[in-house]
Number of protein chains: 2
Amino acid sequence: MAATLRDVAKLAGVSFKTVSNVINDYPHVRPATREKVERAIAELGYKPNMSARSLRSGRTDTIALAVPELNLSYFAELAGLIIAAAEEKGLVTLVEQTGGDRERELALLHSPRLSMTDGLIISPLGMGQQDTEALDVPFPLVLLGERTFDWPCDHVTMRNEDAARAATEYLISSGRRRIAVIGENEAEIMGSARLRLRGYREALATQGIEYDERLVVRATLWHRADGARAMRELLERGVEFDAVFGFNDTLALGAMRVLQEAGLRVPEDVAVLGFDDLDEAAYSIPSLTTVDPGREWLARTAVDTLFERIGRGGAELPPRTKLADFRIIERESAPRD
Amino acid sequence: MAATLRDVAKLAGVSFKTVSNVINDYPHVRPATREKVERAIAELGYKPNMSARSLRSGRTDTIALAVPELNLSYFAELAGLIIAAAEEKGLVTLVEQTGGDRERELALLHSPRLSMTDGLIISPLGMGQQDTEALDVPFPLVLLGERTFDWPCDHVTMRNEDAARAATEYLISSGRRRIAVIGENEAEIMGSARLRLRGYREALATQGIEYDERLVVRATLWHRADGARAMRELLERGVEFDAVFGFNDTLALGAMRVLQEAGLRVPEDVAVLGFDDLDEAAYSIPSLTTVDPGREWLARTAVDTLFERIGRGGAELPPRTKLADFRIIERESAPRD
DNA sequence: CCAGTGGTTTGCATCGTTGTAGGATGACCC
DNA sequence: GGGTCATCCTACAACGATGCAAACCACTGG
C-alpha cells in the first residue's frame, strides 16, 4: 500500500538506510544524494510510519491530556491552550475525559494506552491524598490545576487559596458583609473547592466576619445549571446575603441568571464574583467580575514542564511545583466599591 | 524497562506466543494456562506496547479529530461528545486545532501524523470546492458539520440551510420584518455561513420581504467578541431592525449584550435568535431562542460512520451523507409571537 | 496399535523504522 | 606510493507485537 523507506530507496537507487538518514537530517549526506532521495520521496508521496518509528525510537511525539469534561468551558479553553502549546513543541495531544471520576482517573494512569504517548498532563478532580502511590508512574507526568500535597511528580497549579482569599477580601472591601459561596464540595478532597473555601474562610476570619454555613451552597459539578440550582436553593433558605462568590465563572453566571429572575439587581442588591475569567465572563450582563487564574501561563508551563521531563535526563529532575500568578478582573457584577 | 511478552512468557513458563494468545482472547487456550499467564501478567504489571501492536496489526485504535478551536464553545461541546462516543467504541481521540485555516486543514490531510490513527473526523472551515481532490485520501475520513458539494467521502452534516430558513420564518411569523443577520462570511466558500445566509434569503423571498444587505454583518470568526463588534457596527450603520439572527449562539450572545448596553430591550425592541443550542443559551438573560442542530446525534453518527469505514470492508462502502434533524428551541429572546 | 481428530501450543517470519558498526571512497600529507 | 582521515554510505540487528502454519498432545474408533 503506502510507500516505505525501501520503496523510496529502490527508486532513488540508494540503500534504505540512506533514505532514513535524509529524513532524520543526518549531517553527512552529499547534497546530490539528498536531492535524489527527496525527489523519490516526493514522487512516491512517502510518509514515515509513525508506529514503526515509535517502536524503534521509543518516542511518539504525542502527549495525553486528561480533563474532567470538555463541556466545561474552563477545561475546554485550557485544553485548547495546551494543544496549541504542545503543537509549538512538535507534539500532538490525545484528549481523555475523566468526568472528574476517581476510578477513571486512576484507571487512566495504568492504561496501556499511555504507551502511545510520551507523557501525561492530568487535571484530577476525584483523586485524593490516598492515591499518592498511584502517581508514582514510570512515565513523565504533570499534575495540573490543584495545589496538592507532597506528591512525587511535577505540579503546575494556581493559587486557589490565595486567590479565593483575595476575591473575598475584594468583596468585603467593597462593603459586602453577607457573602454567599457556591461550589463547595467536601467530597473532592484535594480539589479547588476545598482550597477556595479555605481562602474564603480565611478572609472572613481576617476581617472579623463570622462564618455562616447557611451561606455555603454545595455544587459537585460546576456547570451553569448547577450554579442556577444552587442559587435557587440559597434563595429558598431565606438567608440574607449581599454578595455571591461562585467558585467558577460558570456557577456564577448560572447563579446570576437566577438572581435576576428573582428580581434582585446585580450588583446593587447582590454583587457577584466568579473564578476563571472565561471568555464569556466579559460578555454577560452585567459583565462578571472574576479571578484570572493565569490560565494561559498554566497551559504553557504544563507543556514546558512535561517536555523537559520527556527529554533526556528528564527522569532525574526532582519533582517541581510551579505556581501561576492570579489577578482580579474588575467588571460590572462587583465593582470595587 | 517495561515488561514485554517474552518476560511474561519466561515467568509463566510458556512461549511468548501463548501470552499473546491469552491477551488477544484466542479461544483455544487451556484455562489452566490462561490463569498461569494472567498471574504472570499481573505480577509483572505487563502492558502491551501499543506502538509494536500498531506496527504489526496496522490498527491503532486511535482517531484524529480536527476542529477550528476548542475555544469556541460549539466545537468544545462537539469534541467532548465525539471523544465520549469514540471511547465507547474503544477508540481514543487525538485533537488538532486548525484555526479554520485552509492551509492548516490541507496540511493536516497530508500529515504523517495521521499514520498514528485509523481515521480522521474533520470539521473544515477554510477549505472550498477547489480542494475536492485533497479529500481523496488513503484513510477513512468523515467530514463534519457542513452540507458540502459532491465530495468523495462521508459527510455527517446538519441542515444548515433548512434550519436557517426555518429560523428566519420563525422570526417573521412572530411579526418581525427587519431581520439583521450576523456572521456572514463570503470567504468561507463552503461553510455554514454561506448556507445559513442562503436559508435566510430564501425565507425572506418566500415571505415577500426584500433583502437588504445593510442588515447583513460580517464576522469571520464566531467568538462572542465578534458578535459584540458586529452589533456595534450594525448600530453605527443606523439601519432600523427589529430582530437579529446570529449565525451561532456565541455571536448572538455577544450581540445581545451590546444591544442591552445600548438600551434596547430584548425581545421587546429586538428579538434575538441563535444557532447551536449551547449549554449557555439556556442561561443567558434573557435566555436565547436558538436552533438545536442535533449536535449529539452528529457526534455519535460521525464516530459510527468512521468506525464502519475503519472495519474491514470499509474501503468498499460508497460515500455517504447523513443529515441531522434540527429543531427550534423557543426561549425568551424571541418568543413565538 | 495406529491413523485420524480436534484442541492447544509453539517457531518463525514480518511490520517499517532507527542505532551501531564498519566498509568504501577520495583527499591529503609525508 | 602508502598511511591517515574525513566523509559518505551500507549491512545487520534490533524494537515488541501478531499471523500463519506446523507441531504437539491427548483421545477416539477401527
Side-chain angles (χ1 to χ4, degrees), chain A residues 1-38 40-41 44-62 111-118 138-139 312, chain B residues 1-38 40-41 44-62 111-118 138-139 312:
Chain A
M1 285 291 273
T4 73
L5 277 186
R6 309 181 123 83
D7 300 324
V8 176
K10 204 188 303 174
L11 183 62
V14 296
S15 95
F16 77 95
K17 185 63 231 265
T18 300
V19 180
S20 169
N21 287 340
V22 169
I23 290 168
N24 294 296
D25 284 324
Y26 179 72
H28 304 303
V29 177
R30 235 181 335 167
T33 312
R34 162 159 282 135
E35 207 206 328
K36 222 170 26 176
V37 170
E38 272 163 357
I41 288 178
L44 294 176
Y46 166 78
K47 274 168 244 153
N49 179 311
M50 290 305 180
S51 298
R53 176 177 286 181
S54 302
L55 172 60
R56 182 61 240 235
S57 72
R59 285 208 37 174
T60 62
D61 292 333
T62 303
S111 163
R113 282 294 173 47
L114 288 175
S115 68
M116 281 189 346
T117 69
D118 293 337
F139 51 82
R312 59 203 194 74
Chain B
M1 280 294 271
T4 74
L5 276 187
R6 308 180 125 83
D7 300 326
V8 176
K10 203 189 303 175
L11 183 62
V14 296
S15 93
F16 77 93
K17 186 62 234 259
T18 300
V19 180
S20 168
N21 286 339
V22 168
I23 289 166
N24 294 295
D25 284 326
Y26 179 71
H28 303 304
V29 177
R30 234 182 335 169
T33 312
R34 164 159 280 135
E35 206 206 331
K36 221 170 30 177
V37 170
E38 272 163 356
I41 288 178
L44 294 176
Y46 166 77
K47 274 170 244 154
N49 179 312
M50 291 305 181
S51 299
R53 175 177 287 182
S54 302
L55 172 59
R56 184 60 238 239
S57 71
R59 286 210 35 174
T60 62
D61 291 332
T62 303
S111 163
R113 282 292 173 47
L114 288 175
S115 68
M116 280 189 347
T117 69
D118 293 338
F139 51 82
R312 59 205 193 74

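None of the values given here were measured: they were computed from a predicted structure. Sequence lines set the chain letters: A, B, ... in the order given, protein chains first and strands last, and positions in each chain run from 1.
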When you compare the protein's N or O atoms with those of nucleotides 12-15 of chain C, which come within less than 3.5 Å of each other, and at what distance?
unit_1	atom_1	unit_2	atom_2	d
C/dT14	O2	B/R56	NH1	2.6

Identify the pairs formed between an N or O of the protein and an N or O of nucleotides 24-27 of chain C at a distance under 3.5 Å, and give each distance.
none

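Applying the 6.0 Å contact sphere to NZ of A/K10 captures no more than 12 heavy atoms from other residues, nucleotides or ligands.
Close approach of DNA chain D to chain B, defined as any atom under 4.0 Å from a non-hydrogen atom of the protein, starts and stops at D/dG16 to D/dC20.
Inter-residue side-chain proximity for A/V29 and A/V37 is flagged as unmet; no heavy-atom pair is nearer than 4.5 Å.
Heavy-atom minimum distance, B/Y46 versus B/I23: CE2-CD1, 3.3 Å. Pairing each heavy atom of A/F139 with each of A/L114, the nearest pair is CZ-CD1, 3.4 Å. B/T33 approaches B/V14 most closely through the heavy-atom pair CG2-CG1, 4.1 Å. The shortest heavy-atom contact between A/R113 and B/M50 is N-CE, 4.2 Å. The shortest non-hydrogen separation linking A/A40 to A/A12 is CB-CB, 3.9 Å. Across all non-hydrogen atoms, the minimal contact from B/R34 to B/Y26 is NH2-O, 3.5 Å.
Rounded to 10°, the helix from C/dC1-D/dG30 to C/dC30-D/dG1 has 60° between the axis fitted to its first five pairs and the one fitted to its last five.
The line from CG of A/L55 to CG of B/N49 is 6.0 Å long, rounded to the nearest 0.5 Å. Going from atom NZ of A/K36 over to atom CZ of A/R30 covers 7.5 Å, rounded to the nearest 0.5 Å. Put simply, CD1 on B/I41 and CG on B/L44 are 9.0 Å apart, with the number rounded to the nearest 0.5 Å.
The stretch residues 18-32 of chain A touches DNA chain C through A/S20, A/N24, each having a heavy atom under 4.0 angstrom from the strand.
At whole-Å resolution of the value, CZ in A/R59 and C1' in C/dG19 are 16 Å apart.
Among the heavy atoms of the strands lying under 4.0 Å from B/T33 are primed sugar atoms or P, OP1, OP2 only; no base atom is included.
Remark: A/T60 pairs with A/S54, A/T62, A/D118, B/S51 by the side chain to side chain contact (heavy atoms under 4.5 Å, CB included) rule, at least two apart or across chains.
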